[in-house]
Number of protein chains: 2
Amino acid sequence: MNPLEMIVLSVIGEAPAYGYAITKKIEARSENSIKAGPSVLYPLLKRLEKQGYVSPNWETVRSERTDDDSDGRRRKWYRLTPKGQRRLEQAIRSHRAHTAMLDEFINAGPGAAIEETSP
Amino acid sequence: MNPLEMIVLSVIGEAPAYGYAITKKIEARSENSIKAGPSVLYPLLKRLEKQGYVSPNWETVRSERTDDDSDGRRRKWYRLTPKGQRRLEQAIRSHRAHTAMLDEFINAGPGAAIEETSP
DNA sequence: CCAGATATATCTTTCTACGATATATCGGGT
DNA sequence: ACCCGATATATCGTAGAAAGATATATCTGG
């Protein structure tokens, strides 16, 4: 299970969101340690949509300016489907198991592993 | 940083090991949840070698049978270089940071995240 | 003596990450 | 009035890794 997929599902599960907002939320919360640029995020969202984990919904944001006759900016909002909700829960469980297993490897080596709190 | 790379470095860091033994150790310790088959492990080891993290050393295992004049089975032992040791330590630190960050995403959602101990 | 385990290695396909790029709109500053 | 940076979505090409299949050779237990 892809960690970025879990993050995106988690963000959308928190509250429905559109692509760009997801990117910004991930950047902010990860303190720029995770980059979910357009070329990574949009194909991922398309994948999640195809698998039925999220369902999209277009919004057309009208300009605040009165002298504006354009179609407005498009926003594609994603919400978690029940299937996506189950997927997220399963992802979290498998993530925890995976992490615990990695810790076993790390802590196995006597001199290899470093301390939890390095001096 | 690739989790499998950290696992392999960790296993080798514990004690020098050859490919097949690494596979078996990973299988055993992860209870078959991680498969590091030949097509995954050997290219990875070659990569680690090229980057100077491990240094290989051939061993020729002679048969126990006296009527044996073959060259014997080959074993390629890998040991961690000092650079590999530093790489492993850095990998563990970055893994812990990454895990902590993922937990933030998981725990952020009020109803989204599941409990640590599911009922 | 043979089947299965041990042991290393490559091939090909498939998927994904990621930088670059394209297109279009909104909003604030000058 | 205008421009620039931010907002917003989307695709392309390339490079890299995962994984099943396959090849080769040896050792061991029955």
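Only this structure's heavy atoms are used, side chains among them; waters, hydrogens and symmetry mates stay out. Chain identifiers are assigned alphabetically (A, B, ...) following the order of the sequence lines, protein sequences preceding nucleic acid strands; residue numbering begins at 1 within each chain.
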Answer yes or no: is there a side-chain heavy-atom contact under 4.5 Å between [X] and [Y]?
{"X": "A:Glu31", "Y": "B:Met101", "result": "no"}
{"X": "B:Ile34", "Y": "B:Arg29", "result": "no"}
{"X": "A:Arg87", "Y": "A:Met1", "result": "yes"}
{"X": "A:Ile92", "Y": "A:Arg96", "result": "yes"}

Seminar exercise, completed: Checking A:Ile7, A:Leu41, A:Leu44 against A:Ile22 for side chain to side chain contact (heavy atoms under 4.5 Å, CB included), the one that qualifies is A:Leu41
Tell me: [atom1] of [X] to [atom2] of [N], nearest whole Å?
{"X": "B:Arg75", "N": "C:dT8", "atom1": "CZ", "atom2": "C1'", "result": "12 Å"}
{"X": "A:Trp58", "N": "D:dA8", "atom1": "CH2", "atom2": "C1'", "result": "9 Å"}
{"X": "B:Asn2", "N": "D:dA15", "atom1": "CG", "atom2": "P", "result": "20 Å"}
{"X": "B:Met1", "N": "D:dA17", "atom1": "CE", "atom2": "P", "result": "12 Å"}
{"X": "A:Arg74", "N": "D:dA10", "atom1": "CZ", "atom2": "C1'", "result": "8 Å"}
{"X": "A:Arg73", "N": "D:dA8", "atom1": "CZ", "atom2": "P", "result": "5 Å"}
{"X": "A:Arg47", "N": "C:dT16", "atom1": "CZ", "atom2": "C1'", "result": "6 Å"}
{"X": "B:Ile22", "N": "C:dT6", "atom1": "CD1", "atom2": "P", "result": "15 Å"}

Problem set entry | A:Glu59: partners by side chain to side chain donor-acceptor pair (under 3.5 Å), with sequence neighbours left out | A:Trp77
Problem set entry | Residues which pass side chain to side chain contact (heavy atoms under 4.5 Å, CB included) with B:Lys83, listed by chain and number, not counting sequence neighbours |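 In terms of side chain to side chain contact (heavy atoms under 4.5 Å, CB included), with neighbours along the sequence ignored, B:Lys83 is linked to B:Tyr53, B:Thr81, B:Arg86.
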[N] phosphate, OP1 or OP2: any side-chain N/O from [X] under 4.0 angstrom?
{"X": "B:Tyr18", "N": "C:dT8", "value": "no"}
{"X": "A:Lys46", "N": "D:dT11", "value": "yes"}
{"X": "B:Tyr20", "N": "C:dT6", "value": "yes"}

Exercise. Which residues in residues 35-45 of chain B have at least one heavy atom lying under 4.0 Å from any atom of DNA chain D?
Worked result: B:Ser39, B:Val40
Exercise. Hey, does B:Trp77 reach any base, or is it just sugar-phosphate, or nothing, if we go heavy atoms under 4.0 Å?
Worked result: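 Result for B:Trp77 = nothing.
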